[in-house]
Amino acid sequence: MSAELATLPRAAASPAPRSRLRGAWEVFARDRLALVGLAIVVLLVLVAVLAPWIAPDPAQGRGAAAVAQRNLAPSLDHLLGTDPLGRDVLSRVIFGARSALGVALAVVSLAIAIGVPLGLLAGYRGGWVDEAIMRVTDTFLAFPPLLLAMVIVSLLGPSLRNAALALAISWWPWYARLVRGVAASLRERPFVEGARALGLSDAAVMRRHLLPNALGPIVVQATVDVGSVILAAASLAFLGLGAQAPAPDWGLMVFDGRAAIFDHWWYSTFAGLAIFLAVLGFNLVGDALRDALDPREARR
Amino acid sequence: MKRTRRLAKFGAATAVAAMVAAGCGSSGGTGTGSGSGPAGTSILDVATTAAVTTWDPVKSFSTEVYYLANVYEPLLWANPPGAAERFRPGLAVSWRRSADAKTWTFRLRSGVTFHDGSPLTAAAVKQSILAVKDRGGASFLWSALDRIETPDEQTVVFRMSAPTEVDVAASSMYGAWIVAPRALAAAARDERWFERGRDAGTGPYSIAEYTPGKQVVLRAYPGYWGASENGGAFRTVNVQIAADAVAQQQMLQSGQVDIASSLPLENVAQFEHDDRFAVEVCESSLSYLGFFNTTRRPLDDPKVRRALALALPYDEIIDVGAEGFGTAARGPVPKGVFPYDEEIPASAQDLAEARRLLAEAGHPNGGFTLRLTYAAENDQQKQFAPLIKDALAKIGVKVTLSGKLFNQQWEEAKGDPRKAQDIFLLLYWPTASDAGSDNLATLFRSSERPFFNLSYWRSATYDRLVDEAIGLTATDRDGAQRLYTRAMRLLIDEAPGIYLYDVRRPVVVAKGLTGLECNPNYSFNLFFHELGTGAA
Amino acid sequence: MARFLARRAATAMVVLLGVSFITFMLARVVPADPAASYVGQHARPAEVEEARRALGLDRPLLEQYWTYLKDVASGDWGTSIGTKRSVLSEIGSRFPATLELLLAAIAIAAVLGTVLGVVAARRHGRGLDAALRLFSTAGISMPAFWLGLVLQIVFCYRLGLLPPTGRYASDLQFTSPVEQITGFVLFDSLVTGNFAVFGSAVEHLLLPALTLAAYPTGVIARMVRASMLEALSQDYVRAARAYGVRERVVVWRIALRNALPPATTVLGLTLAYLLTGAFFVEVVFNWPGLGQFTADALLSSDYPAIMGVTLLGAIGYILVNLAVDLVQARLDPRVRLS
């Protein structure tokens, strides 16, 4: 009985995971742009995972110099040319995918880990708890985007790890706000009240009844955010507030390659292109997922 | 006073001064057309990285010397190495020293006025130097000063408590500017008196406008004593502050500026191929070096340090880090700076010997890991740090690179040595002109608390050699040189540090611009007054 | 309306307090000693102690915070460690340049984004729609600093059409000086008839403004497209068509008017995003605005400057949000100010 109570209304509240999946697939099948995005994302993940095997020169990809072949223009030997230390730019860009995805996943997971519980709590409890959590959230969101992260990194000292930490600190409020909305809208629903009446603890209610309904929006948000975080991390690196040499990092490569744009344009151009394509891929997939879940959902 | 800022700024800036003859740089629709007017009315547009940390010439110990050297004058100027005379007259026309180098007498130039109209007097010199000794950034230059006497308006006598090269101190980039007494008094009352962009020098220019972080405009001082002698073609110098080397190159190429003091080194070749420019390479007093943390195993073993030093690819570091604009270092004193010595062997790679020494020290295949910190904002260090990592990997030593802002890196290094980095990279230059002893004393002499001696090395022998040499310099230069050379040999054998390369500055000059002088004693400066267009 | 404003002001104050608290604490808990960085590296310990007292750093943290708040409220935002000048006057002297860039970018984005959005909605589901959607998504995916570099390579170095850096040709400052009225070079030079500077300023503004406009153009185009699609499917649009109103009028007058309010919201929110975006564009184009100042402050741990810029950003963000709400209420009677 309690099991029925727990599952039935949930199915009624939002489409079952299976149909949601099918909806997503239909969107992708219909929309060429979504497919393009999906292709980019899949390619990016493959490149990141397989980097040591597909990079023409993995050692150079990781940072080993090869000074005999500095600043070579793109050619058959080096499809994207070589950098001022003679490293194959293609290998660097391939290894950069690891850095980019790694940071993005770390930041998004951390932001979810902080933001989702707080959002659930705020939405479910309401009252002063809600008010307090939301004011904190508002405060964090009132910093111009990236500025808080820039400040934190500059104070902690520039490194990839600190950049990831700083981005997570400035990113979690989005999830808190998102999940709070879902939780608040479901709080008064009969199935939630029923579950509470049956003696489920608050934590259990939140986990079993509220969280599953928030999953869809979270996934959409996370997908878009992977792209946004890649962009944000690259931006930090471009100011010297992210990864440090000789790490293969796209933002750092654009930054380092700036001086070379007069003669050796390929260094920063291709790294920047990689950032652009990766972000584009995640944005397109995010759009498609959003359409699949709820065509009218507001966008931030 | 703000050494780190200097290090950071100049470190970030790759040291290239590029000049375009007035007018020649104006290409395309955005040209400035500067310098095309008759001599005496034209404008010189300049880009520099030099920020102003203070306008107070007494306190100045940082990048603002770029401007101050055009606004203020010292008693003497130091000539470039190799010149017949080590010094030439500045505000002093003649000078002599006693045999014991403790009494120095300067005869002042007559007819000199400060920008506030007051005349240059012996009292002004006395007050300026005493102010430096009292509150200056480079007060240590005058630490041996006992008293200053002014027997008449045009004569100043320095009485030192120990033999001192007062000529070196009096021609220093820092702590030697002569300032109008009225301004000194005002600054003593109000610490911020100068900071609004006021000046009170005797130099060819005065400060007309100052927008922090953006712009300094210098105007020719009509009452300049040297006005009729030479130069002075540019009545207005418009200096744009751009910390970014790339931005400077862009400004230069689009004709927005006629001179840029720092360009990306890798792009110098481009100017070599451009027939509007000619490239001249100047020696500088800057050098790159590294410190081993000698308090920690296995770096407490001189053999290990020597092995690591021998494993480094010095040629590659010069070719790649400095884009060829460097000279193999012979110890920590840069070429052309006393007590540089050709007898000291240049740093060179010898992997076989490195392996042998490492085995002898009990680490046949390396097998340890070292953490190297470098200044993240320094383009050269960023470029060559990976080469150090690669090279040490060849003898089995793993290096993790950690790029930090110079301040943060230095903060860590000055803390507990046992927790600090293993290798610290540094760009250094001596404070006073012609005083490489600064490098030897500051970088490797032992001290209670770490400051710039970041190998934390303690050698009583070394300390004694350097101390004795410093004492001898003023009276027996050759004897001092011999002691310094012994000290430098010790630095090679014991290898508390690695001596990477001496910086050479490519100066890109457009055909037609005249008056540029390479002087490593004033590596960071451009003397605008001496510049002119060839035709004028 | 008054009650709405009062409530919003109260919330804004709470948020501002929070922002100032976070930045203040961040600047205090870092390992580096603000007193030491204030007096410089060669200072004697006694001087550091003196600075510590002078700066009030020897007081309890909360008391320091309270003092900071009082100072900020009375217009004293501290002294920049880097330039040794008042943070507020530093910001004041640079803000017009940044604002000029922002406004130019927003203007480009508003026009371009609206047109793209409307055209895409008109061609819904066709090839052009997909192309425009790709274009606008590309806009929001574009790293501004990279786009700036690419534009520089093409327009400044390959084609030689536009200047790569600066606000206007530097020598014009002497040959035809601009009279400072508002600090906006475009405006000041135009009203004083200084066309040499005006022309040069436009040339210099073009590339940075385009670069900065990429993101908001994408956002606006997407938003306008979505709300246009909704508007076009409404009854009143069908009715208008049925009455034989010309298609151009239906789309650009009737439907667009109803599609604009949601787009305004986005425009406002984007402005906050653009403030940081402008920092990167300023670095690439050496634009003499707040961005350069902030980048320098960040890299040299100039805490008072960093805190000042952050506070300014937060105030801007809150004001923009408020403005958006008000504008929306005007445009869309369905939104009530409650």
Side-chain angles (χ1 to χ4, degrees), chain A residues 57 59-72 82-87 91-92 95 150-163 236-249 251-268, chain B residues 12 14 16 243-250 252-253 262-271 273-274 313 315-321 323-324 372-391 393-394 399-409 411-412:
Chain A
D57 192 319
Q60 289 175 18
R62 288 196 184 91
V67 292
Q69 45 173 44
R70 311 177 57 204
N71 298 323
L72 298 180
T82 62
D83 72 9
L85 281 178
R87 298 172 296 205
S91 304
R92 300 280 289 163
F95 271 85
M150 280 155 58
V151 171
I152 295 176
V153 179
S154 81
L155 298 179
L156 291 180
S159 74
L160 194 61
R161 204 196 55 189
N162 288 345
L236 288 179
F238 181 75
L239 284 187
L241 294 173
Q244 297 297 331
D249 181 279
L252 183 65
M253 289 168 74
V254 178
F255 177 59
D256 282 350
R258 267 192 76 202
I261 61 168
F262 309 98
D263 276 354
H264 318 302
W265 53 269
W266 50 90
Y267 184 26
S268 55
Chain B
T14 46
V16 189
D244 182 16
V246 181
Q248 292 207 13
Q249 165 134 0
Q250 291 173 329
L252 191 61
Q253 280 182 330
S262 306
L263 298 177
L265 285 178
E266 58 199 280
N267 293 332
V268 172
Q270 198 182 323
F271 287 97
H273 300 141
D274 191 328
D315 294 344
E316 272 182 17
I317 289 175
I318 292 174
D319 287 347
V320 174
E323 296 283 338
L372 179 151
T373 60
Y374 65 92
E377 66 269 45
N378 182 308
D379 291 339
Q380 270 76 62
Q381 291 181 16
K382 196 156 73 178
Q383 190 93 313
F384 68 66
L387 299 176
I388 295 180
K389 177 189 163 105
D390 289 356
K394 287 187 188 145
V399 174
T400 54
L401 299 179
S402 150
K404 298 180 168 193
L405 298 182
F406 179 83
N407 274 330
Q408 291 168 344
Q409 175 199 13
E411 207 61 45
E412 179 191 327

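Heavy-atom basis, side chains included; hydrogens, waters and symmetry copies ignored.
The side-chain hydrogen bond (donor to acceptor under 3.5 Å, both in side chains) check on B:Asp390 picks up nothing, with sequence neighbours excluded.
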- Task: Start with the C-alpha gap between A:Val67 and B:Asp319, add the side-chain angles, then the distance that decides, and say whether side chain to side chain contact (heavy atoms under 4.5 Å, CB included) holds.
- Result: CA-CA 9 Å; A:Val67 292; B:Asp319 287 347; over 6 Å; no

- Item | Derivation and outcome, side chain to side chain contact (heavy atoms under 4.5 Å, CB included), residues B:Asp379 and A:Asp256 | CA-CA 8 Å; B:Asp379 291 339; A:Asp256 282 350; 5.9 Å; no

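In this structure the side chain of A:Pro246 reaches within 4.5 angstrom of the side chain of B:Leu401, judged on heavy atoms.
For A:Arg70, the part sitting under 4.5 Å from any heavy atom of chain B is the side chain, from C-beta outward, and nothing else. Neither the backbone nor the side chain of B:Phe384 has a heavy atom closer than 4.5 Å to any heavy atom of chain A. For a residue to count as touching a neighbouring chain, one of its non-hydrogen atoms must lie under 4.5 Å from one of that chain's; by this rule A:Ser159 does not touch chain B. Heavy atoms of B:Ala376 lying under 4.5 Å from chain A belong to its backbone as well as its side chain.
Here the closest non-hydrogen pair linking B:Pro386 and A:Gly63 is CB-O, 4.3 Å. For the residue pair A:Gln244 and B:Gly403, the shortest heavy atom distance occurs at CG-O, 3.4 Å. B:Ala247 approaches A:Arg258 most closely through the heavy-atom pair N-NH2, 4.3 Å.
In terms of heavy-atom pairs under 4.5 Å with chain B, the best-connected choice from A:Gly240, A:Ala243, A:Gly157 is A:Gly157. Ranked by heavy-atom pairs under 4.5 Å with chain A, the first of B:Gln250, B:Lys389, B:Glu316, B:Lys404 is B:Glu316.
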